[in-house]
Amino acid sequence: MGAFIAKMLLPTASSLVFLPAASVAAKRGFHTEAMVYFFTMFFTAIYHACDGPGLSILCFMRYDILEYFSVYGTALSMWVTLVALGDFDEPQRSTISMFGVLTIGVRIYQDRWGYGIYSGPIGSAVFIITIKWLQVGTFIKTIFLHIYCEFMRQIKCEKINLSCYCCLKKCTKNIQSESGGGF
């Protein structure tokens, strides 16, 4: 009975991890990021609740639409976080954010479970942030070493995050295939 409850509630409750991120982002003035984190939390929780055996009463949209928005919100959360790390001024920040919103939407529509939907936004954001930081480094030579160290720390964090996500996704698929169904 405990395993049944864990399979039913753990994926849904794990979506609440986005709640502290959304509240901290809102408190610090990152309102776009807070909305994206809340969007991701909401659709991921509803998607996992509909995927489970006991909470299908919460399904107010088709399952494939919930799945799309769950994956879309996850990729978009990565994108807006990386754009926020770039510390862009407002016209550039809006343009880069909209670029990510549109390209991630198209990419997820093409292949919902490919790793390209995560590596594409991460690679693009790292490239854009690198260009911005190199421009800053040419004007202010004294902070170049600090920027390089910060950049490498962020790259390591994103590698760890992506590795953990991919491993958990594979473990979840293995568990689902062994048990003969979804959570």
Side-chain angles (χ1 to χ4, degrees), residues 14-47 61 65-169:
S14 68
S15 302
L16 297 176
V17 170
F18 281 101
L19 196 57
S23 64
V24 168
K27 186 174 183 175
R28 293 188 178 179
F30 294 105
H31 301 293
T32 304
E33 289 80 3
M35 285 190 307
V36 170
Y37 298 150
F38 186 77
F39 174 89
T40 304
M41 179 195 69
F42 178 77
F43 279 104
T44 303
I46 298 297
Y47 166 67
M61 298 174 86
I65 293 174
L66 290 172
E67 179 183 49
Y68 176 84
F69 283 131
S70 173
V71 175
Y72 180 71
T74 304
L76 196 58
S77 294
M78 288 183 202
W79 177 259
V80 297
T81 302
L82 288 169
V83 170
L85 288 174
D87 196 29
F88 293 100
D89 294 331
E90 188 46 45
Q92 292 175 338
R93 185 175 174 179
S94 297
T95 304
I96 293 171
S97 293
M98 188 53 66
F99 172 74
V101 166
L102 297 174
T103 55
I104 290 170
V106 170
R107 182 66 182 123
I108 290 175
Y109 184 75
Q110 288 176 347
D111 181 19
R112 214 168 278 180
W113 295 112
Y115 293 116
I117 59 174
Y118 302 109
S119 62
I122 290 172
S124 299
V126 166
F127 177 73
I128 290 168
I129 291 170
T130 303
I131 295 298
K132 182 186 186 292
W133 281 352
L134 286 175
Q135 289 173 349
V136 169
T138 58
F139 292 119
I140 307 168
K141 301 249 184 209
T142 58
I143 63 167
F144 184 77
L145 182 61
H146 172 69
I147 290 173
Y148 179 74
C149 293
E150 183 70 19
F151 177 72
M152 286 306 183
R153 186 185 64 79
Q154 290 171 2
I155 293 297
K156 289 176 186 174
C157 289
E158 284 302 322
K159 282 182 183 178
I160 291 169
N161 288 341
L162 187 60
S163 299
C164 291
Y165 182 79
C166 293
C167 289
L168 289 174
K169 190 172 217 88

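Sequential numbering from 1 along the given sequence is applied to the chain's residues.
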Taking it one step at a time, do Val101 and Tyr72 satisfy side-chain contact (heavy atoms from CB on, under 4.5 Å)?
CA-CA 9 Å; Val101 166; Tyr72 180 71; 3.1 Å; yes
Do other residues, nucleotides or ligands put more than 12 heavy atoms under 6.0 Å from Phe38 CZ?
no
What's the spacing between [X] [atom1] and [Y] [atom2] if we round to 0.5 Å?
X	Y	atom1	atom2	result
Leu82	Ile96	CG	CD1	11.5 Å
Glu33	Ser97	CD	OG	6.5 Å
Met35	Thr40	CE	OG1	11.5 Å
Ile108	Phe69	CD1	CZ	10.0 Å

Is the backbone N or O of [Y] less than 3.5 Å from a side-chain atom of [X], with the two atoms forming a donor-acceptor pair by type?
X	Y	answer
Tyr37	Val17	no
Ser70	Leu66	no
Trp79	Phe99	no

Qualifying side-chain hydrogen bond (donor to acceptor under 3.5 Å, both in side chains) pairs with a residue from residues 17-32, counting only residues at least two apart or across chains
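The answer is none; no pair qualifies.
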Do the side chains of Phe18 and Phe39 get nearer than 4.5 Å, heavy atoms only?
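Heavy-atom side-chain distance check fails, nothing below 4.5 Å.
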Do Ser94 and Met98 have side chains that get closer than 4.5 Å, going by heavy atoms?
no
Heavy-atom pair with the smallest gap, counting every atom of Ala34 and Ala22:
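That would be CB-O, 3.4 Å.
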Let me see the working for Val83 and Arg93 under side-chain contact (heavy atoms from CB on, under 4.5 Å), right down to the final yes or no.
CA-CA 7 Å; Val83 170; Arg93 185 175 174 179; 4.1 Å; yes
Under the side chain to side chain donor-acceptor pair (under 3.5 Å) test, which residues partner Thr95, sequence neighbours left out?
none
With sequence neighbours left out, what residues match Ser124 under side chain to side chain donor-acceptor pair (under 3.5 Å)?
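Scan of Ser124 (side chain to side chain donor-acceptor pair (under 3.5 Å), adjacent residues dropped) gives none.
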For Tyr47 and Ser15, which I'm curious about, is there any donor-acceptor pair between the side chains at under 3.5 Å?
no
